[in-house]
Amino acid sequence: MQTFREEAREIPVLASVDVLVIGAGPAGVGAALAAAENGAETMLVEQSGKIGGMATSGMMSHWSGSSESPMLRRIVDKMRSLRGGHFLLQDGRHTICHDMLKEALFEMMEEAGVKVRLHTMFSLPIMEGKEIKGVIVESKSGREAIFAKRIIDCSGDGDVAARAGAEFQKGREEDGKMQPVTLMFRIGGVDYTRAVFPPSFETHIPLPDGDIQELGRKHLPFPAGHVLLYRTLLPNEVCVNMTNVIDIDGTNADDLSKAEIICHRQIDSIVPFLRKYVPGYENCYVVATAENVGVRETRHIKGLYTMTGEDTTEGRIFDDWIATRNQFNFDIHNIKGPGLDENGAQVHFRSKGKYTVPLRSCIPAGIDSLLVAGRCISGTHLAHSNYRVMAICLNIGHGVGTAAAISVRKGVQPADLQPADYQERLKQDGVEL
């Protein structure tokens, strides 16, 4: 590869804060709010023009995963207060109005005193030995530095941790294969009185021409082929989770570009399919597509403890828990095509109870002053398929943000905190075992 040597130069310092959060998806939202509300001067940096990540820009249909967290309840209450209480609770899952959520999150950040910097991308860590002292960012304003006492990597892909030298595993352990990516979109013109809404790969609905999932596999272009349709809060609109691209590395810009193009091409086949085969969708049309593809899996950062699938199915309670009452299934999208992976389980998933996430899984091994939150925490491919969903990532962010702020106040590294230091505060926030 041809290279170019960049000359050293002085760059302006944008800010110096207690806690810096990189990435404003659900984990970053939870981390920034918790850190600020625990007295830390907090800054949230996001590469897009919105906060909320897959919950807003990614156009995800609902908050999947455990919805018992106090942080999620606060977000739902904020949305209700903004729009006169019009909010739908569907099958135990909170349906998302994307524009309503954007507005609610902006207001919550302002109320908490979080400094929000949008349209700004993380570039490089600023290291002093094994400790991260800050980051370099790039934006329309140019190249700038931000210093912080604690940095929380909520990038989803573990970008900060990886560039700081943390060990990581991409995808599943045996071959590095990662779950497919998807571009969510919304359609209008749906007759709700006759429409069907299959919520999972294992939902089989008989239609005049055959089973809905079998029809999808037969008539949609590979690797698309499953049918997932969700109600929205808007009349006659449906959120569609049916595009599918395999063999994509979400840390590679060329792969992401390829995925965006393929997904948009698939939409041109999905809409006619729905019109032809699914009752109630005869007159449907595209209303909007998400701003970016949803990446399910990339780096698993190696932490002080690696979560396993058994931790989730056993409902394990860790001494150093920072997120509680988590519950979901093994949502592993097929590595080879449409539908569920052979190791996944949705309708038939079984566990002994709700599980916790330990702080140790959110501390990259060998690096000081850095934490991770969201789907890039330390866990196996199987465990990741459970905790990667938005409501659980929000829970993790809440706990990590709290621990980060308290570690700054006490003047100790996050790994040196005693569980009581942050768990008492989380209990005051309504977090329960």
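FYI, side chains are in, hydrogens and waters are out, and symmetry mates aren't considered; it's all heavy atoms of this structure.
With a 6.0 Å radius and a threshold of 12 heavy atoms from other residues, nucleotides or ligands, Glu110 has its CD atom at or below the threshold.
Here the CD1 atom belonging to Ile187 is positioned 6.0 Å from the OH atom belonging to Tyr281, to the nearest 0.5 angstrom.
With hydrogens and angles ignored, the 3.5 Å screen pairs no side-chain donor or acceptor of Asp18 with any backbone N or O of Ala40. At distances below 3.5 Å, not a single donor-acceptor pair connects side-chain atoms of Asn386 with backbone N or O atoms of Ala383. Panel note: side chain Tyr230, backbone Pro199; a donor-acceptor pair is recorded below 3.5 Å. Looking only at distances, a side-chain donor or acceptor of Thr232 sits under 3.5 Å from a matching main-chain atom of Glu237.
Contacts of Lys352 classified as salt bridge (charged side-chain N to carboxylate O under 4.0 Å, His left out), with partners at least two apart in sequence or in another chain: Glu314. Residues meeting the salt bridge (charged side-chain N to carboxylate O under 4.0 Å, His left out) test with Lys302, sequence neighbours left out: Glu167. For Tyr192, the ring pair (Phe, Tyr, Trp, His ring centres under 6.0 Å) partners are Phe197, not counting sequence neighbours. Every residue was checked against the side-chain contact (heavy atoms from CB on, under 4.5 Å) condition with Asn236, not counting sequence neighbours, and none meets it. Partners of His226 under the ring pair (Phe, Tyr, Trp, His ring centres under 6.0 Å) rule, at least two apart in sequence or in another chain, are Phe201. Listed by chain and number, the residues in a side-chain contact (heavy atoms from CB on, under 4.5 Å) with Ser16 are Phe147 (sequence neighbours excluded). For the salt bridge (charged side-chain N to carboxylate O under 4.0 Å, His left out) test, no residue two or more places apart in sequence or in another chain qualifies with Arg350. With sequence neighbours excluded, the residues that form a side-chain contact (heavy atoms from CB on, under 4.5 Å) with Ser200 are Glu202, Thr203, Gln346, Val347. Ser378 is linked by a side-chain hydrogen bond (donor to acceptor under 3.5 Å, both in side chains) to Thr306, counting only residues two or more places apart in sequence or in another chain. The side-chain hydrogen bond (donor to acceptor under 3.5 Å, both in side chains) check on His98 picks up Arg186, with sequence neighbours excluded. Residues that satisfy the salt bridge (charged side-chain N to carboxylate O under 4.0 Å, His left out) test with Asp254, not counting sequence neighbours, are absent from this structure.
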Using atom types as modelled, flag every donor-acceptor pair under 3.5 Å from a side chain in residues 121-132 to any protein atom, sequence neighbours excluded.
| from | atom 1 | to | atom 2 | distance (Å) |
| --- | --- | --- | --- | --- |
| Glu131 | OE2 | Ser369 | OG | 2.6 |

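Just one residue in the list Asp175, Thr298, Thr251 forms a side chain to side chain donor-acceptor pair (under 3.5 Å) with Lys170, and that residue is Thr251.
Counted by atom type alone, Tyr305 and Asp311 present one or more donor-acceptor pairs between their side chains at under 3.5 Å. There is a side-chain donor-acceptor pair under 3.5 Å between Thr182 and Arg296.
Taking the charged nitrogens against the carboxylate oxygens, Asp331 and Arg388 do have a contact shorter than 4.0 Å, which makes a salt bridge.
Minimum interatomic distance between Pro26 and Leu394 (heavy atoms only, all atoms of both residues): O-CD1, 3.3 Å.
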